[in-house]
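As structure tokens, the structure follows; a few thoughts come after it.
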Amino acid sequence: MKFSKKLIIWYLEHQRNMPWRQTKDPYSIWLSEIILQQTRVSQGLPYYLAFKTAFPTVFELAAATEEEVLKLWQGLGYYSRARNLHYTAQYIVRELNGVFPKTYDQLLKLKGVGDYTASAIASICYNEVVPVIDGNVYRVLSRVFGLDTPINSSPALKEYKSLASQLIDVSRPATFNQAMMEFGAIQCKPQSPDCTICPFADRCFALQHAKVSELPVKLKKTKIKKRYFNYFVVRLPDNTLLIQQRKNVGIWEGLYEFPLIESNKLMEPEALEKEEAFSHLVRNKSFSLTRYKEAPIVHKLSHQHLYTRFYVLDICEAPNLKVDQSLIPVATIRDYPVPVLIGNFIESFF
DNA sequence: AAAACGGGGGT
DNA sequence: ACCCCAGTTTT
């Protein structure tokens, strides 16, 4: 039986029931695809539901502020997705009268929409015959057809897309694409898939050559860097708090945090007090500085480990605020979008 | 071509 | 500790 036919039969039997499968509304599909980039369904699902409730259509999303969008995105990671989501919503409303582009080529021009997402929206919403290539599809094709080009190398996308283009069911591209991804997620999963119940066991290259655990091939990633963050929870007598918004600083762009002194190694309070950034906060007045916890909190990101300490700094007079800094009532701290690292501290401290 | 960009969950 | 996740953008 043809690959696509057998795949779709498997899909109709085994697919999970998910909210974005009940619609072809491009806004809903776009939203779900952005949320699910590099994100498991189990993690993204509650965010999808929350966004649909807060912003039922692209018009409500466009009418929101970027800060509101980031707040709802808090905890999901890769925050450029949220900023691009908001930017694109405003673009679609203001420039396209709220109507989504309808082709792969046009969709690809949207911020935050790359090859995968353009293919997904075009095929699912408009039945355009373009294959999606995501992590699941790479794995399925690599194993079943024995492709060993590293999936994170330059030529990979072209090669895998070429093969997928030959396999796609031209009469049912939407179903085929979702079936490929669902098959990779449920059956042809990364570790120890149960090949005894696989519909392609009779033809799978990896299974027949005992290479299921070797495929797909992936180039090793860059090593993890250590960074040292010293945060100052600056409190004033009027029960206000000093926070600042991250801008052009790599991770967490657009989110809020406390004043930060980054160092090359773990630092003691006496050394921190000598920093210019610290002097600026206390303005040579009296202050009280206490470390919140002795052991550094290690916050792990994909590519860096953040060794973090929080200091509570009570001062008697407001410092001169830098750009991006503001004094806020303590009670309103939870209204601001913050990284998980900061959010965890807020929950345990306040 | 590589690196940057989060956080959660599995082994 | 290392891998993966309905990837995209920047360097």
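All of these numbers come straight from a predicted model, not from anything done at the bench. Each chain gets a letter, A, B and so on, in the order its sequence line appears, and its residues count up from 1.
- At least one side-chain nitrogen or oxygen of A/Arg139 sits closer than 4.0 Å to the OP1 or OP2 atom of C/dC5.
- For C/dG7, its base never sits under 3.5 Å from the side chain of A/Thr117 at any donor and acceptor pair.
- Heavy-atom nearest nucleotides on DNA chain B were determined for A/Leu301 and for A/Ser192, and the one closer to the 5' end corresponds to A/Leu301.
- A/Phe310 and A/Phe345 have parallel rings, their planes meeting at less than 30° on a 0 to 90° scale where 60° marks the start of perpendicular.
- Using the six-membered ring where Trp is involved, A/Tyr311 and A/Phe232 have ring planes that are parallel, under 30° apart on the 30 and 60° scheme.
- Applying the 4.0 Å criterion to OP1 and OP2 of B/dG8, one finds that A/Gln38 has every side-chain N and O outside that range.
- Taking the six-membered ring where the residue is Trp, A/His209 and A/Phe205 present parallel rings, their angle staying beneath 30° rather than reaching 60°.
- A/Tyr104 and A/Ala122 get closest at one heavy-atom pair: N-CB, 3.8 Å.
- Less than 4.0 Å separates DNA chain B from at least one heavy atom of each of the following residues of residues 70-96 of chain A: A/Gly75, A/Leu76, A/Gly77, A/Tyr78, A/Tyr79, A/Arg81.
- Between A/His14 and A/Trp10, the ring planes are parallel. Angles under 30° get that label, and only those over 60° would be called perpendicular.
- Comparing B/dG9 with C/dT8, their C1' atoms sit 23 Å apart, to the nearest whole Å.
- Using a 4.0 Å cut-off, some side-chain N or O of A/His299 falls inside it from OP1 or OP2 of B/dG7.
- Ion pairing of A/Lys161 with A/Asp115 is present here, as a side-chain N (NZ or NE/NH1/NH2) and a carboxylate O approach within less than 4.0 Å.
- Residues from residues 341-350 of chain A that place a heavy atom under 4.0 Å from any atom of DNA chain B: there are none.
- The 5' end of DNA chain C is approached more closely, in terms of each residue's nearest nucleotide, by A/Met18 than by the other of A/Met18 and A/Gly112.
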Q. DNA chain B in dot-bracket, Watson-Crick or G-U pairs under 3.5 Å, [ ] crossing, | other strand?
A. |||||.|||||

